[in-house]
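Structure first, commentary second.
Convention: sequence-line order gives letters A, B, ...; per-chain numbering from 1. Worth knowing before you read on, the calculation uses all heavy atoms, side chains too, and leaves out hydrogens, waters and symmetry mates.
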Amino acid sequence: MKAGASVDLAPPRGMRDFYPHQAGLREILFNTWSHAARCHGFERYDACIVENLSLLKRKAGEEIVDQIYAFRDKSQRELALRPEITPSLARMVCAGWNDLTFPLKWFSIGQCFRYERMSRGRKREHYQWNLDVIGAPGPAPEVELLTTALSATEELGLGPAIRVHISNRELLSDLLAYAGIPAEHHAALFLVLDKRGKLSDDAITDMLVDSGFTTEAAAKVFELFELDSLDAVRRLLGRTTAALEHSAAVFEGLTTYGWENRICFDLSVVRGLNYYTGTVFEAFDVDRRFRAVFGGGRYDHLLEHIGGRPAPAVGLGFGDVVVTEIMNEIGCAPSVPAAADTVVGYMEADQSAIALRVAHQFRRLEERVDLAMGPEKARAFFGRANHTGARYAIYIGPDDVKTGHIRRKDLEQRTETTISLRDLTGDAS
RNA sequence: GUGGGUGUAGCUCAGUUGGUUAGAGCGACAGGUUGUGGUCCUGUAGGCCGCGGGUUCGAGUCCCGUCAUCCACCCCA
């Protein structure tokens, strides 16, 4: 940088630029998401990125509310960059209720923002694939959502590296009730239990005791986490419950789809958002070296909370940051295609018009063609053509114009094909 | 938020107890017979040594501050 006020060339903290290669990777990821969603019968929707702050504010206790990028516009309206899209979706569904036929299966890919401390896998902005089924009770929505997301991870080459940990908040409530803990304490307990594995069990016991639980009750809570299967839960309870049957049906459906090696029962999954009601799930790399790849759950009361009619709903969010990190880490990142199939260049300015017409013809044949911006020496042209990664190169000199034939070179196989200019452009000149 | 590491060319990094004019590899660009590419050879460009202060005759090097970044905690998506 020369004279003048120096500008910080880095993007703002937590924000990302995408150079062509990175943008290309992102495009492949987005296409994979879209493809998986459409294959499973989801319709695309989109919502505004700037949202009313009041819609996003919920009860305190959720970190997400403290991390909203909020601001006032010039009329003092309180607005925010959306931290997630689910509230906007709920708003759209409530507003459009009479025009919609249920159940809805909708997806979107949108940028979301959160002001927070950064670490690996966490930026202040990311793109998130959202899948939601609204208006369907029962286990089927969970099964469809998860099979859609799993097929996307499979498509990305991540299949065996990912496992979905599935739990159910209602089932956890059943177990806490069995342990003698009154229902009014369950919501607070979820937050504490979510820390298991991050804090020592002793520390969690202290937290529970501080909250008014007896040491015996805390010990009983820990016993619950020894449960590693739905059968173990059933044996402990000595009976079945609605939540237990629901979860069993989710596992059965996913097994029918053939995902039995990609899923596991894990009571420690609770999720940070407090609008989740029943099923909750998070997908992790099997070595647990990264943050969750995707997560979600059932939120049966969100719509009525924002003033709509009650409707059962299940949602899933799948961000671009962690999945990209894992793909880069295990080396299965898809290769970004070259910008062009064919590079067209020419030796002298006299051949520029011919080169332009040749490029035009190939483009009309649906080829992606990069035309030189000026004359180049042969060496420079082929060096550049090779560098672009294009498969074919057409280099036009005065002799080609004279003979009326151009040569199309296959850069990979080092072979040449001769093409008549007349055949190509219908014009011998 | 706590602790630690790292900031030198576009990238990866050297740089001696403080001592002339700041180094390499890769990449970029230009040449190596004015019509043929990845190798090879030569050359060129590219640096406020993160920023600010201090110590010193002298600081990339030592001290303080600050910012950025990474890691581990904390927390969570």
Side-chain angles (χ1 to χ4, degrees), chain A residues 1-4 6 8-15 19 21 61-68 82-86 111-130 190-192 194-200 203 207 269-276 280-284 289-297 315-323 325 343 345-349 351 375-403 405-416:
Chain A
M1 187 157 310
K2 303 282 194 257
S6 72
D8 192 346
L9 296 179
R13 188 174 173 77
M15 303 291 158
Y19 284 90
H21 178 77
E62 287 182 82
E63 196 179 49
I64 193 171
V65 174
D66 301 324
Q67 295 177 339
I68 292 173
R82 64 184 179 203
E84 52 165 346
I85 205 170
T86 305
Q111 198 174 15
C112 298
F113 300 83
R114 301 185 66 170
Y115 189 89
E116 66 176 345
R117 289 203 308 278
M118 288 175 54
S119 62
R120 187 174 199 194
R122 281 173 115 189
K123 308 289 178 192
R124 288 180 176 174
E125 147 276 320
H126 72 163
Y127 289 86
Q128 195 171 61
W129 180 34
N130 278 261
F190 289 158
L191 292 176
V192 177
D194 191 39
K195 295 181 174 57
R196 193 162 182 276
K198 298 160 188 165
L199 289 178
S200 72
M207 290 175 74
V269 172
V270 178
R271 304 283 291 164
L273 298 171
N274 61 22
Y275 56 60
Y276 288 118
V280 284
F281 52 85
E282 286 180 337
F284 295 96
R289 289 164 55 221
F290 297 87
R291 316 182 70 81
V293 177
F294 63 80
L316 180 152
F318 188 143
D320 70 316
V321 176
V322 174
V323 73
E325 279 180 355
V343 181
Y346 51 96
M347 189 182 301
E348 301 160 348
Q351 291 96 51
E376 288 165 294
K377 292 181 187 174
R379 179 188 172 82
F381 168 75
F382 282 100
R384 186 172 64 81
N386 189 57
H387 189 76
T388 64
R391 177 75 186 269
Y392 302 105
I394 296 171
Y395 185 61
I396 302 171
D399 293 351
D400 300 308
V401 178
K402 261 181 228 157
T403 62
H405 290 79
I406 57 169
R407 282 166 290 163
R408 183 194 207 218
K409 187 157 183 169
D410 184 323
L411 293 170
E412 219 169 88
Q413 303 199 342
R414 294 175 163 266
T415 55
E416 264 184 8

Worksheet item: Can you tell me how far P in B/G4 sits from the matching atom in B/C64, rounded to whole Å?
Response: 12 Å
Item to complete: Show your working on side-chain hydrogen bond (donor to acceptor under 3.5 Å, both in side chains) between A/Gln111 and A/Glu125 and close with a plain yes or no.
Response: CA-CA 7 Å; A/Gln111 198 174 15; A/Glu125 147 276 320; 3.2 Å; yes
Item to complete: Could you measure between the two P atoms, the one in B/G15 and the one in B/G31, and give it in whole Å?
Response: 37 Å
Worksheet item: Would you say the side chain of A/Arg291 and the base of B/C76 hold a donor-acceptor pair, judged only by whether the two atoms sit under 3.5 Å apart?
Response: yes
Fill in: Separation of B/C76 C1' from A/His126 NE2 (nearest whole Å)
12 Å
Discussion item. If I take atom CD1 in residue A/Ile68 and atom P in nucleotide B/A77, what distance separates them, rounded to the nearest angstrom?
Written reply: 13 Å
Practice prompt. Starting at atom CZ of A/Phe381, determine the distance to atom C1' of B/U34, rounded to an integer number of angstrom.
Written response: 17 Å
Worksheet entry | Non-neighbouring partners of A/Asn386 that pass side-chain hydrogen bond (donor to acceptor under 3.5 Å, both in side chains), sequence neighbours left out | none
Item to complete: Look at all strands and tell whether A/His387 reaches a base, only sugar-phosphate, or nothing, counting heavy atoms closer than 4.0 Å.
Response: sugar-phosphate
Worksheet entry | Distance, P atom - from B/G38 to B/C49, rounded to whole angstrom | 37 Å
Discussion item. Any donor-acceptor pair, under 3.5 Å, between the side chain of A/Glu84 and the base of B/A77, if you only look at N and O atoms?
Written reply: no
Fill in: Whole-Å distance separating the CZ atom of A/Arg271 from the C1' atom of B/A77
7 Å
Discussion item. Run the ring pair (Phe, Tyr, Trp, His ring centres under 6.0 Å) test against A/Phe382 and tell me which residues pass, sequence neighbours left out.
Written reply: A/Tyr395
Discussion item. Holding to side-chain contact (heavy atoms from CB on, under 4.5 Å), I want the full list of residues that pass it with A/Ala390, two or more places apart in sequence or in another chain.
Written reply: A/Val343, A/Thr388
Discussion item. With rounding to the nearest 0.5 angstrom, report the CD to CG distance, A/Glu282 to A/Leu316.
Written reply: 11.0 Å
Worksheet item: Say you pick atom C1' in B/A22 and the same atom in B/A9; how far apart are they, in whole Å?
Response: 10 Å
Discussion item. I'd like to check the side-chain hydrogen bond (donor to acceptor under 3.5 Å, both in side chains) partners of A/Glu416; sequence neighbours left out, ordered by chain and number.
Written reply: none
Practice prompt. Can you sort out the partners of A/Arg291 under side-chain hydrogen bond (donor to acceptor under 3.5 Å, both in side chains), two or more places apart, ordered by chain and number?
Written response: none
Practice prompt. Give each stem of RNA chain B as a range with a range, requiring at least 3 consecutive Watson-Crick or G-U wobble pairs whose two distances are under 3.5 Å.
Written response: B:1-7 with B:67-73, B:10-13 with B:23-26, B:28-32 with B:40-44, B:50-54 with B:62-66
Discussion item. Under the rule for salt bridge (charged side-chain N to carboxylate O under 4.0 Å, His left out), what residues qualify as partners of A/Arg124, not counting sequence neighbours?
Written reply: none
Item to complete: Using the test side-chain contact (heavy atoms from CB on, under 4.5 Å), find all partners of A/Glu325 that sit at least two apart in sequence or belong to another chain.
Response: A/Arg120, A/Phe290, A/Val321
Would you tabulate the pairs of protein nitrogen or oxygen atoms and nucleotide nitrogen or oxygen atoms of nucleotides 66-68 of chain B closer than 3.5 angstrom?
none

Worksheet entry | P atoms of B/U66 and B/G47, separation to the nearest Å | 30 Å
Discussion item. Taking the P atom in each of B/A45 and B/A24, what is the distance between them to the nearest angstrom?
Written reply: 12 Å
Worksheet item: A/Lys123 side chain N/O closer than 4.0 Å to the phosphate oxygens (OP1, OP2) of B/A77?
Response: no
Discussion item. I'd like the P distance from B/U56 over to B/G46, given in whole Å.
Written reply: 36 Å
Worksheet item: Over how many whole Å does the gap from A/Glu325 atom CD to B/C70 atom P extend?
Response: 10 Å
Worksheet item: Given side chains that start at C-beta, do those of A/Asp400 and A/Arg407 come closer than 4.5 Å, heavy atoms only?
Response: yes
Could you run down the sub-3.5 Å N/O contacts of the protein with nucleotides 35-38 of chain B?
unit_1	atom_1	unit_2	atom_2	d
B/G35	O6	A/Pro398	N	3.4
B/G35	O6	A/Asp399	N	2.7
B/G35	O6	A/Asp399	OD2	3.4
B/G35	N1	A/Asp400	OD2	3.0
B/G35	N1	A/Arg407	NH2	3.4
B/G35	N2	A/Asp400	OD2	3.2
B/G35	N2	A/Arg407	NH2	2.3
B/U36	O2	A/Lys409	NZ	3.0
B/U36	O4	A/Arg407	NH1	3.2
B/U36	O4	A/Arg407	NH2	3.1
B/G37	N1	A/Leu411	O	2.6
B/G37	N2	A/Asn386	OD1	2.6
B/G37	N2	A/Leu411	O	3.0
B/G37	N3	A/Asn386	OD1	3.4
B/G38	O4'	A/Asn386	ND2	3.3
B/G38	N7	A/Arg414	NH2	2.7
B/G38	O6	A/Leu411	O	3.0
B/G38	N3	A/Asn386	OD1	3.4
B/G38	N3	A/Asn386	ND2	3.2

Practice prompt. Mind checking side-chain contact (heavy atoms from CB on, under 4.5 Å) for A/His405 and listing every partner two or more places apart, or none if nothing turns up?
Written response: A/Thr403, A/Thr418, A/Ser420
Worksheet item: CZ of A/Arg289 versus P of B/A72: gap in Å, rounded?
Response: 11 Å
Item to complete: Return the value, rounded to whole Å, for the distance between atom CZ of A/Phe113 and atom P of B/A77.
Response: 19 Å
Discussion item. Rounded to whole Å, how long is the line connecting atom CD of A/Glu376 with atom P of B/C29?
Written reply: 11 Å
Worksheet entry | Side chain A/Asp320, main chain A/Tyr127, donor-acceptor under 3.5 Å | yes
Worksheet item: When rounded to the nearest Å, what value does the distance between P atoms of B/A14 and B/G50 take?
Response: 14 Å
Worksheet item: Listed by chain and number, what are the side-chain hydrogen bond (donor to acceptor under 3.5 Å, both in side chains) partners of A/Arg391, not counting sequence neighbours?
Response: A/Asp410
